[in-house]
Amino acid sequence: MQVLQKKPQDIKRPSLSSQDSYRGRFAPSPSGLLHFGSLIAALASFLDAKATIDANGNQGKWLVRIEDIDPPREKVGASTAILTTLEAFGLHWDEDVLYQSQQTARYKHTLNELKRQQLSYYCQCTRNEIKKLGGIYQGHCRTQKNSKEESATRLINQYGLYQFNDIFQGHICCDKKLAEEDFIIHRKDKLFAYQLAVVHDDIYQNISHVIRGCDLLEPTARQLTLYATLNKKAPQYGHIPLAVTKPGFKLSKQNKATAIDNNNPQPALISALLFLGQNPDRYLVHEKVPDIINWAIKHWDREKVAKVKEINIELN
Ligand SMILES: [Zn+2]
């Protein structure tokens, strides 16, 4: 069967209004080496940035952020290994890499600011207690005078935003009850919650487009609420299908079968392009990495990315 290939000039380019520029990012956590699932997310976010040209004729910028705020989950040396892999795969980032572990003073400032504006409160409820009440937090501690010690901090959720338009998936409607929950922004174990850190950094780095896997669809609702609370404009979100080994089972960093080979990036790059629906030419697998990447930028077509949340892949 012959696959019809659109000519690059026929691909609808992502459009930007005249003053806007595209700033995308890839934000891995250093809990292990990059695997095929994370390569797909890295490649999609890179290509979407580089294929978007602003009014001044510049390609989008693509940044890398290491989400290393959860020390117990980190693997020694993983950050460096991730960066080495990105380079081997021709995914070169603009600007300095941002490490979340170095941003805690800024997170703290925002946390204090939310507290000062009475937009957060201390919660001492346990996971079990919440589970007994149906699994959705009902705001029990909003009116309690809990001390800071032994407490998590929850955001007073004034917006409960739960719908948005996704670049790839179209109209998304998240779980409304979950989206309306007062969610945790600072954990009992003194670590900053993912939602606070990620929104904070996307604002700080002026990110305009967040391209990532569908495993982060639901958290997007909370992030939109956090943007509204902080009175900031949210980026555009695009969620690509998740690579799964069977329904509901995403590739994990523990899964050795999915490790990608820095010394032979071509086959994995081609597989990733196929996964993203981009129909790479067969001869490309014999080309140099920069040539594959250039082909992929030129032919990147958002419309070819499957509008599904998961795609099954065969493990070798
Ligand atoms: Zn509570």
Side-chain angles (χ1 to χ4, degrees), residues 27 29-31 65 67-74 100-164 172-204 210 212-235 237 239 248 250:
S29 58
S31 53
R65 176 195 310 151
E67 300 203 328
D68 55 349
I69 43 158
D70 197 348
R73 288 186 55 226
E74 280 159 34
Q100 286 194 324
S101 56
Q102 294 167 9
Q103 313 304 318
T104 47
R106 291 192 297 102
Y107 303 150
K108 207 173 217 165
H109 177 80
T110 299
L111 194 66
N112 291 341
E113 210 34 44
L114 288 168
K115 187 82 194 130
R116 195 185 63 78
Q117 293 176 37
Q118 299 183 338
L119 293 170
S120 68
Y121 58 91
Y122 299 125
C123 167
Q124 296 183 337
C125 300
T126 63
R127 204 170 282 188
N128 264 342
E129 285 168 339
I130 297 167
K131 215 170 158 187
K132 270 186 210 149
L133 292 167
I136 302 277
Y137 188 70
Q138 308 286 352
H140 174 263
C141 295
R142 265 199 196 199
T143 53
Q144 307 291 310
K145 297 261 178 283
N146 289 330
S147 76
K148 193 176 177 177
E149 303 316 310
E150 300 291 308
S151 291
T153 303
R154 288 183 183 271
L155 181 82
I156 294 183
N157 191 331
Q158 315 167 79
Y159 299 97
L161 300 174
Y162 68 101
Q163 299 186 77
F164 64 98
I172 293 291
C173 193
C174 296
D175 184 326
K176 193 164 180 287
K177 285 225 166 69
L178 206 60
E180 286 172 345
E181 190 181 54
D182 287 348
F183 55 87
I184 290 177
I185 50 177
H186 191 237
R187 293 163 28 177
K188 207 178 267 188
D189 60 9
K190 309 270 182 267
L191 294 176
F192 290 94
Y194 165 73
Q195 313 294 1
L196 182 82
V198 74
V199 166
H200 202 290
D201 292 337
D202 283 336
I203 294 170
Y204 180 68
V210 172
R212 57 188 180 188
C214 274
D215 49 336
L216 291 165
L217 263 179
E218 287 290 331
T220 306
R222 294 178 170 204
Q223 288 165 29
L224 289 171
T225 284
L226 207 38
Y227 276 98
T229 307
L230 297 169
N231 202 16
K232 298 282 181 190
K233 186 177 173 233
Y237 289 96
H239 291 84
K250 72 167 181 165

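Whatever order the structure lists them in is the order used to number ligands and atoms, beginning at 1.
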- Message: Restricting to ring-ring contact (aromatic ring centres under 6.0 Å, His included), what partner residues turn up for Tyr137, sequence neighbours left out?
- Response: none
- Message: Between Thr229 (side chain only) and Tyr227 (backbone N and O only), is there a donor and an acceptor less than 3.5 Å apart?
- Response: no
- Item | Plane angle bin for Phe192 and His186 - parallel if under 30°, tilted between 30 and 60°, otherwise perpendicular | tilted
- Identify whether the distance between the nearest side-chain nitrogen and carboxylate oxygen of Glu67 and Arg65 falls below 4.0 Å. yes
- Query: Are Asp68 and Arg73 within salt-bridge range, i.e. N to O under 4.0 Å?
  - Reply: no
- How many protein atoms of type N/O/S are positioned less than 2.8 Å from the Zn ion (ligand 1)? 4
- Message: For the backbone of Cys174 and the side chain of Gln163, can you confirm whether one donor and one acceptor N or O come within less than 3.5 Å of each other?
- Response: no
